[in-house]
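Worksheet for the structure shown next.
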Number of protein chains: 2
Amino acid sequence: MNLPPLIQSFVLHFGEMGSHWGINRTVGQIYALLYVSDRPLNADDIVEAIGCSRSNTSMALKELQAWRLVKLQHLPGDRREYFSTPEDVWAIFKTLAEERQKREVEPTLTMLRGAIMETPSGEAERHAQARMNEMYQLIELVTKWFADIRDMDVETLEKLMKLGSQVGKVLQFTHSLGRLAGRDSGKED
Amino acid sequence: MNLPPLIQSFVLHFGEMGSHWGINRTVGQIYALLYVSDRPLNADDIVEAIGCSRSNTSMALKELQAWRLVKLQHLPGDRREYFSTPEDVWAIFKTLAEERQKREVEPTLTMLRGAIMETPSGEAERHAQARMNEMYQLIELVTKWFADIRDMDVETLEKLMKLGSQVGKVLQFTHSLGRLAGRDSGKED
DNA sequence: TCAAAGTTTCAGAAAATACTGAAAATACGA
DNA sequence: TCGTATTTTCAGTATTTTCTGAAACTTTGA
């Protein structure tokens with residue numbers, strides 16, 4: 001690996017972190033490299049920078065594309081494929097959330113729905129099913145909320161986040177102001 | 001593995017999911033088993049149910065305890081250790097969020113802070129540093145927001161989530177009502 | 001203090017995953 | 001069409017991770 005020290009530590013950190021996230025080291029490193037790069041890179045640039053094999057790079061880029069985390073583009077007069085990450089960190093964040101939703105949450109919800117449908121035989125299964133239902137309700141609520149949040153524009157979202165727990169107070173405030181909060185959703189309690 | 005089919009599919013699913021989350025199969029399976037069990041289980045119960053070795057069970061339970069995802073208790077007149085999961089799914093969710101924060105987010109923030117402090121040498125490093133700063137700001141904002149949310153009581157939290165994107169409208173409403181929203185945070189442009 | 005019951009550690013085996021180089025496939029221009 | 005530049009695939013190898021059984025350790029009651 002032959003990179004400025006500042007960039008190298010960033011790249012190495014993402015490589016290590018990969019294992020916590022179920023992605024492999026090379027994928028993490030390549031993503032990090034593209035993220036901080038000031039220009040799109042081709043596969044050979046990456047091999048040069050990271051020090052992995054050409055084929056490994058090819059695999060990793062394919063995976064990053066499957067996650068929609070990198071963009072593929074061509075430079076005029078150059079046949080090679082160049083890769084870069086989206087500029088907007090919020091957009092990246094949303095993509096990550098969407099993909100994890102699709103890969104991890106959806107299959108779990110499907111499994112839970114199936115299990116909850118079954119007729120339980122015996123007390124153990126009855127209890128298990130009740131627990132699965134609790135989990136199902138929670139995941140579905142959080143999921144829908146995330147989907148709602150994803151669709152907000154970044155400005156509103158930042159405002160909301162900076163507000164933090166104050167939002168609870170605002171909620172109570174609007175509540176006492178004539179139940180505006182409940183007017184459309186109508187689902188409290 | 002010798003379990004009612006309904007419970008078995010749940011346990012197996014969590015085992016598979018483990019790899020997406022950086023935990024191993026046995027840990028995932030044991031957690032799932034404890035989650036749906038209607039009584040605390042001891043290590044031998046678990047070996048019997050899952051079909052793994054005694055020592056593997058011991059390791060997995062230690063890891064689950066490190067994550068604060070299982071409770072250890074003793075039954076009167078029995079020297080063995082019994083394990084169970086907290087009942088409240090919200091509490092579980094919050095514990096998970098806290099632990100991931102501590103294990104994954106904090107180290108990343110530390111690394112980023114270090115990198116941002118350095119004096120860049122050359123344009124490539126300057127650009128990289130700017131990108132790292134964007135990432136740092138985003139993670140810190142989301143982190144603080146999560147911490148705020150964690151501290152809400154469950155009732156308010158559920159209300160907030162059910163409200164979903166409506167919250168954006170409420171925000172604008174309060175905004176026009178005299179900038180209550182901005183009063184305490186004071187950070188909006 | 002000893003013996004019994006229970007738990008943890010750890011070195012090595014087994015399994016899973018990541019990585020490589022060579023060969024095949026593809027895309028492109030002449 | 002051919003030849004070159006580039007990317008992808010794949011079988012085998014290396015590395016990492018998980019799992020096991022035996023041994024060591026701990027706790028408790030007599």
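Every chain is numbered from 1, with letters handed out A, B, ... down the list of sequences. As a basis for the values below, the full set of heavy atoms in this structure was taken, side chains included, without hydrogen atoms, waters or symmetry mates. Model, not experiment: these values are computed from the prediction.
Taking 3.5 Å as the limit, the base of D:dT7 and the side chain of A:R54 contain no donor-acceptor pair of atoms between them. Between the side chain of A:S55 and the base of C:dG21 there is at least one donor-acceptor pair of N/O atoms closer than 3.5 Å.
Atom OH in B:Y82 sits roughly 9 Å away from atom P in C:dT7 (whole-Å rounding). Atom CG in A:N56 sits about 15 Å away from atom P in D:dT7, given to the nearest Å. Between B:D44 atom CG and C:dG6 atom P there is a gap of 8 Å when expressed in whole angstrom units. Regarding B:L64, its CG atom lies at a distance of 13 Å from the P atom of C:dT8, rounded to whole Å. Distance, A:E16 CD to C:dA18 P: 14 Å, rounded to whole Å. One atom, CD of B:E81, and another, C1' of D:dT26, lie 11 Å apart when rounded to the nearest Å. For the pair B:R80 CZ and C:dA4 P, the computed distance is 18 Å after rounding to whole Å. Separating the CG atom of A:L41 from the C1' atom of D:dT7 is a distance of 17 Å, rounded to the nearest angstrom.
Comparing A:H74 and A:V27, the nucleotide of DNA chain C nearest to each residue sits closer to the 5' end for A:V27. With the nearest nucleotide of DNA chain C identified for both A:R25 and A:R79, A:R25 has the one nearer the 5' end. Of the residues near DNA chain D, A:D78 and A:S19, the one whose nearest nucleotide (by heavy atom distance) lies more toward the 5' end is A:D78.
The side chain of B:N24 lies closest to D:dT18, out of C:dC28, C:dA4, D:dT18. Side chain of B:S58, nearest nucleotide from D:dC19, C:dT9, D:dT9: C:dT9.
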#### Entry: Derivation and outcome, side chain to side chain donor-acceptor pair (under 3.5 Å), residues B:E118 and B:Q129
CA-CA 9 Å; B:E118 298 282 323; B:Q129 214 174 37; over 6 Å; no
### Task
Could you please spell out the steps behind the side chain to side chain contact (heavy atoms under 4.5 Å, CB included) verdict for A:V70 and A:I30?
CA-CA 10 Å; A:V70 299; A:I30 291 180; over 6 Å; no
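Phosphate contact (OP1/OP2 of C:dT7, side-chain N/O of B:K62, threshold under 4.0 Å): absent.
Residues A:T156 and A:D153 have side chains that bring a donor and an acceptor to within less than 3.5 angstrom of each other.
Pairs of residues two or more places apart, or lying in two chains, that qualify as ring pair (Phe, Tyr, Trp, His ring centres under 6.0 Å) and include a residue from residues 60-102 of chain B are B:W90-B:F93.
The side-chain tip of A:R103 does not point at the ring of A:W21 from less than 6.0 angstrom away and within 45° of straight on.
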